[in-house]
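Order of listing sets the numbers, starting from 1, for every ligand and every atom in it.
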Amino acid sequence: MIRHLQFASARALKEYLEVKAPANAYYSSAYYDTPSAPDMVGKGWQGADLVFDIDADHIPTACKADHDTWRCLDCGAAGRGFPPAACPKCGMKKLETETWVCEECLKVAKEEAFKLIDDFMIPDFGVSQKEIEICFSGHRGYHLHILDERLRRLGSDGRREVADYVRGVGLDPRDHGFREIAREGAFLGPDMRDGGWRGRIARAIYAYISKCTEDQLRQVVKSAAVADTICRNRAKFLENIASDPPFWGGIKGYSLESVVRIALAAAAENACAIDERVTLDVKRLIRHPNTLHGKTALRAVRLDYSELESFDPLRSAVAFRGGSIKVYVKGMPRVRIGDHEAGPASSVEMEVPKAFGLYLICKGAAEPRS
Ligand SMILES: [Zn+2]
Ligand SMILES: [Zn+2]
């Protein structure tokens with residue numbers, strides 16, 4: 001790591017990168033008086049952008065069973081898919097993982113980015129579209145930078161509040177409009193048109209009750225009788241909570257407690273899967289846009305909000321276009337880069353488009369052959 005560098009112009013930075021050609025280039029999310037000072041005190045911290053990291057690695061997707069494997073370093077047990085928190089055989093936590101990212105992973109990461117922007121940053125935090133900088137990281141996901149000067153001076157504690165809010169950590173539906181009223185068993189609840197988590201919880205319950213099976217509901221409310229009551233009165237229940245004002249307690253046979261349980265289960269889908277460590281950090285190193293990612297040879301791409309929908313990272317972030325390369329593949333799942341698709345394959349030599357070959361080499365899954 002070569003750190004504490006400061007450049008007077010974009011041109012000076014470009015010249016430096018051309019000469020040094022590092023495998024990875026990062027910049028700090030922080031603003032300093034003297035960025036080149038060798039210690040943090042001397043730098044004079046002025047503030048930092050609020051940053052969110054959405055990484056497909058942190059989101060359990062079904063496709064991980066196709067391309068990810070894990071192995072316990074203690075007993076050798078192995079499996080496919082999202083790694084368990086501890087080895088299911090011996091209980092130890094030292095697991096070696098081999099992870100890949102596919103179109104499905106990147107699609108889910110993009111959906112999370114949209115959720116963060118459209119459901120949280122714009123409506124709840126009052127951030128405007130043009131204050132949100134979006135970057136494809138060059139590997140597994142997206143970075144979002146909120147370029148709002150009001151947020152720059154936020155310390156770690158404030159950033160934790162923001163991270164917890166979007167992750168739905170410590171969410172208690174009783175703080176969001178649900179409360180018992182004098183009459184026994186009767187209660188009030190939030191309106192789907194409310195802002196923030198209030199409206200989100202109400203909409204989440206509506207969506208959940210619209211599509212859940214009685215079996216799923218029974219597991220959530222932990223009562224066969226309550227699940228039966230709600231499912232038998234499903235249309236009425238939905239009509240009541242969608243009415244203006246909403247009416248939550250109109251059906252006999254369930255309590256506020258069961259609705260709170262449904263709220264928590266339903267709200268989980270509305271929370272954002274961000275890597276909170278990145279958001280808490282007031283001086284995070286972030287991959288520099290338009291540089292290559294050393295593990296993929298893909299470009300970190302800066303995007304406008306309007307470009308995100310149609311952005312195909314495995315095509316648009318390809319830096320090496322044209323030409324081919326011969327590689328010896330040690331092992332890989334099915335991989336697509338640009339228009340080229342291959343795998344699963346192992347212990348085989350193949351000639352592939354340059355970007356595809358470099359991707360495998362950078363991932364450590366192949367070696368160049370002449
Ligand atoms: Zn084990
Ligand atoms: Zn995947």
At the Zn ion (ligand 2): angle between Cys105 atom SG and His67 atom NE2, to 10 degrees: 110°
At the Zn ion (ligand 2): angle between Cys63 atom SG and Cys102 atom SG, to 10 degrees: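 Between SG of Cys63 and SG of Cys102, the angle at the Zn ion (ligand 2) is about 100°.
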NZ/NE/NH1/NH2 to OD/OE distance under 4.0 Å, Arg11 and Glu15: yes
Lys/Arg N to Asp/Glu carboxylate O, Lys326 vs Glu349, below 4.0 Å: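 Looking at Lys326 and Glu349, the cut-off is not met.
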Metal-centred angle, SG of Cys90 through the Zn ion (ligand 1) to SG of Cys87, rounded to 10 degrees: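 The two atoms subtend 110° at the Zn ion (ligand 1).
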Short side-chain to backbone donor-acceptor contact, Arg203 and Met192, under 3.5 Å: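 Yes; at least one donor-acceptor contact below 3.5 Å.
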Listed partners of Asp228 passing side-chain hydrogen bond (donor to acceptor under 3.5 Å, both in side chains), at least two apart: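 Per chain and number, Asp228 pairs via side-chain hydrogen bond (donor to acceptor under 3.5 Å, both in side chains) with Arg232.
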